[in-house]
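Below is one structure, written out as structure tokens; comments come after it.
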Amino acid sequence: MKNNIIILGGGQAGIYAAREIRQNDSESNIKILGEENLLPYERPPLSKDFLLDKKNEEDLYFHSSEVLKNENIEFENILINKVDFENKKLFAKNDDVYSYDSLLISTGSENKKLSLDDNLKNDVYYLRNLEEAKKIKEIVSNKNKITIIGGGFIGLEIASSLCQLQKKVTVIEIGNQLMGRIIPKQIADLVQNAHIEHGNEIILNKQIEKITKKNGIYEILLNDNSLIETNFIIAGIGSTPSVKLFENTNLKLDNGIVTNQFCETSIKDVYAAGDVSNFYHPLYERNMRLESYQHAQNHGICAGKNIAGVKTEYSSIPWMWSDQFNLNLQLTGICDDYDEIIERGNDINNGLIYFFLKKNKIRGACGVGIIGKVGRDIRITSKLTEKDTIVDKQILSDQNLKLNKLIQK
Amino acid sequence: MSEENWIEVGSIDSIEEEDLIRFDHQDKTFCVYKLTDGFYATDGICTHEAVHLEDGLVMDDEIECPMHQGIFNIKSGEALSPPACEDLKTYPVKVDNDKIFIKID
Ligand SMILES: Cc1cc2nc3c(=O)[nH]c(=O)nc-3n(C[C@H](O)[C@H](O)[C@H](O)COP(=O)(O)OP(=O)(O)OC[C@H]3O[C@@H](n4cnc5c(N)ncnc54)[C@H](O)[C@@H]3O)c2cc1C
Ligand code: FES
């Protein structure tokens with residue numbers, strides 16, 4: 001049957017869903033509606049290789065317009081600002097109306113903003129999209145002292161990139177460690193040391209009292225009365241799912257759009273995937289929301305299958321990475337529900353990993369090391385988690401014993 | 001086929017099954033694999049970013065990059081999973097007198 005399928009949000013989950021639908025359904029109309037006037041692109045390089053000029057805009061696109069054309073997937077640059085789920089319609093500002101039979105919502109997430117005086121609203125920059133990355137790149141080219149507010153992944157990646165561009169960078173973090181409590185403190189401290197060794201200043205446990213601007217220079221007053229002078233401010237203080245559009249509808253929301261393991265929302269024929277969805281994970285038997293590259297891809301693919309009528313459960317083990325300087329940090333599974341922690345390795349050159357276990361099975365792991373050193377073990381860990389295996393703790397804790405021994409059993 | 005292009009990598013015992021070793025020759029670096037049906041060779045560096053695949057995971061006929069989990073088919077070099085999208089170069093391999101050789105062009 002020929003359906004009108006609309007994908008709201010032209011990011012990573014959206015494009016993977018579109019192509020998966022086409023693989024299973026050659027007839028239906030597939031249209032992606034995207035607010036950004038760009039074909040879907042990868043965001044991870046924005047804070048890393050794009051800032052460092054190692055990748056340019058063309059390198060970021062997932063697929064060329066030819067691929068979309070060949071697969072008969074339409075992309076329209078439009079901002080949707082109203083939905084009517086009852087009549088299956090979406091509305092744009094210019095009164096254009098889009099009718100759908102099935103809808104995928106993949107609107108991603110948006111950056112939290114600092115509450116600032118009106119006269120400073122345009123002075124603090126954020127990084128979510130290519131346009132912002134270009135702007136940051138252009139401005140930093142003639143600034144020297146840069147302050148990053150927020151010591152999360154994105155803030156630290158920007159700090160690493162700008163340091164490599166010879167900028168004097170200060171990171172201010174409100175918590176007592178970098179990257180939130182989800183990352184084991186020992187790992188956060190190693191990453192912090194790397195920043196300090198490269199010349200970045202890291203300030204923990206401090207809150208911003210006030211920002212003032214004088215002659216193009218900003219003064220940031222902290223709650224211990226210390227003052228930081230800076231030429232440019234970037235904030236990375238977390239993000240929230242992009243759901244404003246649905247707030248006054250009957251779509252079930254709770255930290256994003258609530259979906260089941262088939263990417264279905266509370267409304268029939270409406271699906272959600274990627275950063276915006278708070279999905280049920282059958283292995284962990286709970287809902288979770290992830291902001292990660294691998295998840296956006298796999299969740300998009302799974303939504304695409306379900307929309308095309310191929311009922312498919314989503315049970316991928318979460319995985320994400322962050323690259324800072326010559327370090328690669330990886331997280332798999334969930335690291336906040338455990339009764340035992342096992343450490344493997346103890347130095348950054350060979351990589352070290354913390355495994356989080358519950359009832360002798362791995363629930364998640366977090367590792368960091370010089371590039372390349374933790375990936376294989378983290379990947380094996382994902383497989384062990386997926387298989388719900390009871391693990392030999394001796395092998396887990398001894399870096400001289402190969403982890404794939406555990407898989408083959 | 002000129003003889004000189006076959007470069008000796010090492011003995012067939014130097015690689016465990018379903019595993020790989022790194023092999024450097026002049027200014028190039030390679031990965032040489034032992035799969036259930038024989039030996040294979042590819043470029044050593046991932047086509048996505050400059051990370052060596054020697055620390056990657058070999059599963060069946062695939063090598064998975066340790067950095068961002070890009071996956072390549074070891075026999076054909078085909079990039080199978082993003083963020084890797086460019087294929088990996090492969091090289092012919094032969095075994096002679098229990099020694100592995102790869103043919104570098
Ligand atoms: C700077 C940065 C670095 C990152 N680095 C990493 C990393 O190293 N590793 C990792 O695993 N993950 C990383 N991520 C996370 C990863 O990129 C995201 O999880 C992923 O892009 C989410 O995909 P998505 O499709 O859900 O949303 P997005 O890719 O964000 O796409 C959503 C799209 O929907 C559009 N949209 C929203 N509302 C509307 C509307 N009303 N009408 C029309 N269009 C709309 C948005 O403009 C956007 O284009 C990073 C993210 C950022 C921003
Ligand atoms: S470096 Fe290999 S997938 Fe990114």
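Residue numbering restarts at 1 for every chain, and letters A, B, ... go by the order of the sequence lines. Basis for what follows: all heavy atoms, side chains included, without hydrogens, waters or symmetry-related copies.
Remark: side-chain polar atoms of B:E54 are not paired, donor with acceptor, to backbone N or O of A:G372 under 3.5 angstrom. Side-chain atoms of A:R376 come within 3.5 Å of backbone N or O of B:G56 as a donor-acceptor pair.
Using a 4.0 Å cut-off between charged side-chain N and carboxylate O, B:E49 and A:K48 make no salt bridge. A salt bridge is defined here as a Lys NZ or Arg NE, NH1 or NH2 lying under 4.0 Å from an Asp or Glu carboxylate O, and A:R379 with B:D55 fails to meet this definition.
For the set A:I380, A:V374, A:D323, the count of heavy-atom pairs under 4.5 angstrom toward chain B peaks at A:D323. Contacts with chain B were tallied for A:D59, A:I371, A:D377; A:I371 has the most, counting heavy-atom pairs under 4.5 Å.
Considering A:Q297, A:Q294, A:E42 in turn, A:E42 is the only one that fulfils the side chain to side chain contact (heavy atoms under 4.5 Å, CB included) rule with B:P83.
Within a 6.0 Å radius of NZ in A:K69, no more than 12 heavy atoms belonging to other residues, nucleotides or ligands are found. Annotation for B:N97: atom CG does not count as buried by contact number, only 12 or fewer foreign heavy atoms lying within 6.0 Å.
Remark: A:W319 CH2 to B:Q69 CD distance equals 4.0 Å, nearest 0.5 Å.
Residues B:H48 and A:K55 share a closest heavy-atom pair of NE2-NZ, 3.3 Å.
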Inset, instruction - Kindly indicate, with the supporting measurements, whether the criterion side-chain hydrogen bond (donor to acceptor under 3.5 Å, both in side chains) is fulfilled by A:N328 and B:H68. - result: CA-CA 9 Å; A:N328 173 242; B:H68 309 127; 4.8 Å; no
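Looking at A:Y293 and B:P82, their side chains come closer than 4.5 Å, going by heavy atoms from C-beta outward. Counting heavy atoms from C-beta on, the side chains of B:L57 and A:K383 come closer than 4.5 Å.
Using a 4.5 Å cut-off between heavy atoms, B:E86 does not touch chain A at all.
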